[in-house]
Amino acid sequence: MFIFLMSCPVICQQNFKINDDLPDFKLWMLDGSRLTKNDVKDKVVVFKFWFTSCMPCLTDIPNLNKFVEQFKNNNDILFIAPALDRKPVIEKLLKVHPFHFKIAYSAMDVSSIFNKKQVYPSYFVIDKKGKFSYIDNGSKKSEFKDLEQAVLKALK
């Protein structure tokens, strides 16, 4: 029993891998709606975890907005950006830096499930089967070409 208890922190901190199932989650969106795992069934989902005082999180917004624009007529994809900040802070920032993802606020609990390392920004693509198909959580490899290829593959 002692060995199990001592190993749990290591096991519990494992990161997701490609083809792992999407975990349960609940996000509160800026528009007042709620988003859960059931709401994204049969969709490709691009998650970007971020916070408003993260400079790398802000500098990629223009490229991400262009990315969302490419898929604006595709109902099979959702772009979700869970932020750590509270709603008023995010709303103030969005007046200066418009962001075309659907934005969730106060998402620290969900971020801690997805983003064990707590490195920002972090990106995850979920395929239509509810499996992780792309993960960039702290590798600093984020290139929009890689993200775009992952999305196109997941949409097939």
Side-chain angles (χ1 to χ4, degrees), residues 15-16 18-115 117-156:
N15 294 318
F16 291 107
I18 300 300
N19 292 319
D20 282 353
D21 289 326
L22 177 65
D24 289 328
F25 66 88
K26 185 185 298 182
L27 293 168
W28 300 103
M29 310 307 288
L30 286 183
D31 66 5
S33 66
R34 184 185 73 178
L35 190 76
T36 67
K37 180 179 176 177
N38 287 336
D39 298 317
V40 302
K41 266 188 180 166
D42 302 320
K43 301 275 188 189
V44 170
V45 184
V46 178
F47 285 104
K48 176 201 176 166
F49 288 87
W50 67 296
F51 60 98
T52 60
S53 59
C54 165
M55 226 9 103
C57 298
L58 299 178
T59 58
D60 70 0
I61 289 175
N63 285 331
L64 290 171
N65 285 343
K66 289 176 192 171
F67 189 59
V68 171
E69 184 68 21
Q70 286 179 320
F71 297 96
K72 71 179 178 185
N73 295 321
N74 191 331
N75 293 327
D76 290 335
I77 187 166
L78 296 172
F79 294 92
I80 311 295
L84 305 183
D85 305 277
R86 294 175 42 163
K87 188 175 181 178
V89 174
I90 297 167
E91 290 173 332
K92 182 177 178 183
L93 175 105
L94 292 176
K95 289 178 183 174
V96 178
H97 298 284
F99 191 9
H100 302 309
F101 274 49
K102 294 178 186 290
I103 299 177
Y105 63 92
S106 300
M108 179 56 93
D109 56 339
V110 176
S111 180
S112 67
I113 293 168
F114 278 76
N115 187 7
K117 295 178 187 178
Q118 295 295 292
V119 175
Y120 299 93
S122 289
Y123 302 90
F124 301 87
V125 176
I126 309 303
D127 65 21
K128 291 180 182 182
K129 296 176 185 173
K131 307 272 187 189
F132 285 89
S133 64
Y134 176 84
I135 299 171
D136 180 1
N137 59 346
S139 69
K140 300 299 180 198
K141 71 174 183 173
S142 271
E143 293 189 22
F144 293 102
K145 190 173 191 174
D146 293 341
L147 185 62
E148 182 180 27
Q149 288 174 350
V151 167
L152 292 172
K153 183 177 177 182
L155 283 167
K156 289 182 182 180

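The figures here come from the full heavy-atom set of this structure, side chains too, leaving out hydrogens, waters and symmetry mates.
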Asks: Write out all pairs satisfying disulfide (SG to SG under 2.5 Å) with one or both partners inside residues 47-97, taking only residues at least two apart or from two chains.
Replies: Cys54-Cys57
Asks: Please list all pairs meeting side chain to side chain donor-acceptor pair (under 3.5 Å) that have one or both residues in residues 92-102, counting only residues at least two apart or in different chains.
Replies: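 Qualifying pairs, neighbours excluded: none.
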Asks: For Asp21, what residues pass the salt bridge (Lys or Arg N to Asp or Glu O under 4.0 Å) criterion, not counting sequence neighbours?
Replies: Lys131
Asks: Which residue pairs pass the side chain to side chain donor-acceptor pair (under 3.5 Å) test with at least one member in residues 38-57, sequence neighbours excluded?
Replies: Thr36-Asp39, Lys48-Asp60, Thr52-Asp85
Asks: State which residues pass side chain to side chain contact (heavy atoms under 4.5 Å, CB included) with Asn73; sequence neighbours excluded, sorted by chain then number.
Replies: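 Scan of Asn73 (side chain to side chain contact (heavy atoms under 4.5 Å, CB included), adjacent residues dropped) gives none.
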Asks: I'd like to know whether Ser111 forms a side chain to side chain contact (heavy atoms under 4.5 Å, CB included) with Tyr120, so could you lay out the CA-CA distance, the side-chain angles of the two residues, the decisive distance to 0.1 Å, and finally the verdict.
Replies: CA-CA 10 Å; Ser111 180; Tyr120 299 93; 2.7 Å; yes
Asks: With sequence neighbours excluded, tell me which residues meet side-chain hydrogen bond (donor to acceptor under 3.5 Å, both in side chains) with Lys26.
Replies: none
Asks: CD1/Ile80 to CG/Leu35 distance, rounded to the nearest 0.5 angstrom?
Replies: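 Rounded to the nearest 0.5 Å, the CD1-CG separation comes out at 5.0 Å.
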Asks: Considering residues at least two apart in sequence or located in another chain, which fulfil the side chain to side chain contact (heavy atoms under 4.5 Å, CB included) criterion with Lys87?
Replies: Leu30, Glu91, Tyr105
Asks: List in chain and number order the residues that pass side chain to side chain contact (heavy atoms under 4.5 Å, CB included) with Ala154, two or more places apart in sequence or in another chain; answer none if no residue qualifies.
Replies: Val44, Val125, Asp127, Ser133
Asks: Identify, with sequence neighbours excluded, every residue that meets side-chain hydrogen bond (donor to acceptor under 3.5 Å, both in side chains) alongside Gln149.
Replies: none
Asks: Who are the side-chain hydrogen bond (donor to acceptor under 3.5 Å, both in side chains) partners of Asn74, not counting sequence neighbours?
Replies: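 Result, side-chain hydrogen bond (donor to acceptor under 3.5 Å, both in side chains) vs Asn74: none returned.
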Asks: With sequence neighbours excluded, what pairs up with Asp31 under the side-chain hydrogen bond (donor to acceptor under 3.5 Å, both in side chains) test?
Replies: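 With sequence neighbours excluded, Asp31 shows a side-chain hydrogen bond (donor to acceptor under 3.5 Å, both in side chains) to Ser33, given in chain and number order.
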Asks: Just jot down the ring-ring contact (aromatic ring centres under 6.0 Å, His included) partners of Phe114, sequence neighbours excluded, or say none.
Replies: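 With neighbours one apart ignored, the set is Phe47, Phe49, Phe124, Phe132.
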Asks: Does Asn115 use its side chain to pair, donor to acceptor, with the backbone of Val119 at less than 3.5 Å?
Replies: yes
